[in-house]
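Heads up: numbering here begins at 1 and tracks the sequence.
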Amino acid sequence: MGFLLPLSLLVLLAVACPGGRSARRCWAARAQSPGGSSPTLSATTAPFWMRISPNFIAVRPGSSVWLNCSSSCPLLEGSTLHTGLRRGQKLSGPGWISFQLLDVRAWSSEVHCFLTCAGVTRGATARIHAYKPPHRVILEPPVLEGREYILRCHVTHVFPVGFLVVTLQRGGRVIYSESLERFTGLDLANVTLTYKFQARPHDLWKPVTCHARLNLDGLVVGSSSAPVTLTSMAWSPASKALASTSIAAFVGILLVLGAVYLRKYLLMQSEV
């Protein structure tokens, strides 16, 4: 027994399946297309799929990268690459084209690749990140001022600072962490983190470390400092100076008292 489709559904099938193909064949063709390709730039469904690989890459500043734009089209009619990066070599073959990009230094760059097949253009986008992991992470010995310990951690020659997270750990547990996302500079930078806290008796003699890491959309690189130990004798320069002055004053008082006592003793001996 046959049945009738509404006119609106017939129109929808005609638009979704160009070229007179049946809906089943059209859907089968779509199911064979790999995911991740960008939406078509044409109002008509593209008769091919395309992709760019890698679609994300992180490199050291000054590096060169290759990007490949591939498709299911056996005979490409044209290709276009939109990017602010400097271009190098270009290679191509049946259904694919590769571009070399030189001297990548910007933190984040987008690369748009467009391929044309049978009059239809499709596009895909890749992101390229440049980074430099911390050259050194240095944690100064803790300093005691009054009842507070002062910790200073230095992170040198890191880029980009806006994706840096600095963490202090005591005995393997995090005591402080700070993200520097508010900094948007695109130059190598040196970072110093200062943190004050009151240590309890059971915190003494535990190792303290500083950790710096870059979180680049899933790619994490970092470095750590050598451990330092909290001690009860970690006095600040001012405290040391005050202690030295107090000791000197106490010694001076003892000397004066000794001199007075010695004089009285000598007087007593002379009278005898």
Side-chain angles (χ1 to χ4, degrees), residues 16-19 21 25-135 157-164 184-188 213-223:
C17 303
R21 294 183 292 170
R25 291 182 179 178
C26 180
W27 293 332
R30 290 182 182 179
Q32 295 174 359
S33 174
S37 58
S38 300
T40 177
L41 302 182
S42 171
T44 305
T45 301
F48 71 103
W49 57 260
M50 74 154 292
R51 60 189 169 200
I52 187 170
S53 62
N55 57 13
F56 170 80
I57 186 172
V59 298
R60 300 289 186 97
S63 299
S64 299
V65 299
W66 280 91
L67 294 179
N68 179 268
C69 303
S70 58
S71 74
S72 60
C73 180
L75 185 61
L76 293 173
E77 297 176 355
S79 62
T80 306
L81 191 73
H82 291 172
T83 179
L85 300 173
R86 188 159 60 93
R87 306 183 191 188
Q89 302 180 51
K90 177 180 175 182
L91 303 174
S92 61
W96 64 271
I97 185 167
S98 293
F99 300 89
Q100 183 188 32
L101 301 173
L102 306 174
D103 196 27
V104 178
R105 294 188 179 276
W107 145 238
S108 182
S109 303
E110 286 193 346
V111 180
H112 306 279
C113 181
F114 301 95
L115 300 179
T116 302
C117 179
V120 177
T121 299
R122 300 203 75 178
T125 301
R127 285 182 302 155
I128 302 176
H129 289 182
Y131 74 93
K132 188 177 188 305
H135 178 63
H157 291 83
V158 62
F159 170 83
V161 179
F163 290 79
L164 180 68
T184 58
L186 294 179
D187 297 312
L188 284 175
R213 73 178 189 272
L214 289 172
N215 191 345
L216 307 170
D217 289 350
L219 174 66
V220 179
V221 294
S223 183

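Arg213 places none of its side-chain heavy atoms less than 4.5 Å from the side chain of Pro134.
Separation of atoms OG (Ser53) and CG (Leu67) is listed at 8.0 Å; rounding is to 0.5 Å. Rounding to the nearest 0.5 angstrom, the gap separating the CG atom in Leu102 from the CZ atom in Arg86 is 5.0 Å. Between atom NZ of residue Lys90 and atom OG of residue Ser79 there is a gap of 4.0 Å, rounded to the nearest 0.5 Å. The structure places CG of Leu76 at 9.5 Å from OG of Ser70, a figure rounded to the nearest 0.5 Å. Remark: Thr83 OG1 to Ile128 CD1 distance equals 6.5 Å, nearest 0.5 Å.
Summarising the geometry of Leu214 relative to Lys132, their closest heavy-atom pair is CD1-O, 3.5 Å, with the distance given to 0.1 Å. Between Phe48 and Leu115, the closest heavy-atom pair is CZ-O, 3.6 Å. The two atoms that bring Thr125 and Ile52 nearest to each other are O-CG2, 3.6 Å, heavy atoms only. Looking at every heavy atom in both residues, His129 comes nearest to Ser108 through NE2-OG, 3.4 Å. The shortest heavy-atom contact between Phe99 and Cys113 is CE1-SG, 4.3 Å. The two atoms that bring Met50 and Cys69 nearest to each other are CE-CB, 4.4 Å, heavy atoms only.
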request  = Output, in order, the C-alpha distance, side-chain angles, deciding distance and verdict of side-chain contact (heavy atoms from CB on, under 4.5 Å) for Arg122 and Phe114.
outcome  = CA-CA 6 Å; Arg122 300 203 75 178; Phe114 301 95; over 6 Å; no
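Although no hydrogens or angles enter the test, the distance criterion places no donor-acceptor pair under 3.5 Å between the side chain of Ser98 and the main chain of Leu91. One N or O on the side chain of Arg87 and one on the backbone of Leu81 form a donor-acceptor pair closer than 3.5 Å. Gln100 places no side-chain N or O within donor-acceptor distance of the main-chain N or O of Gly88, the cut-off being under 3.5 Å.
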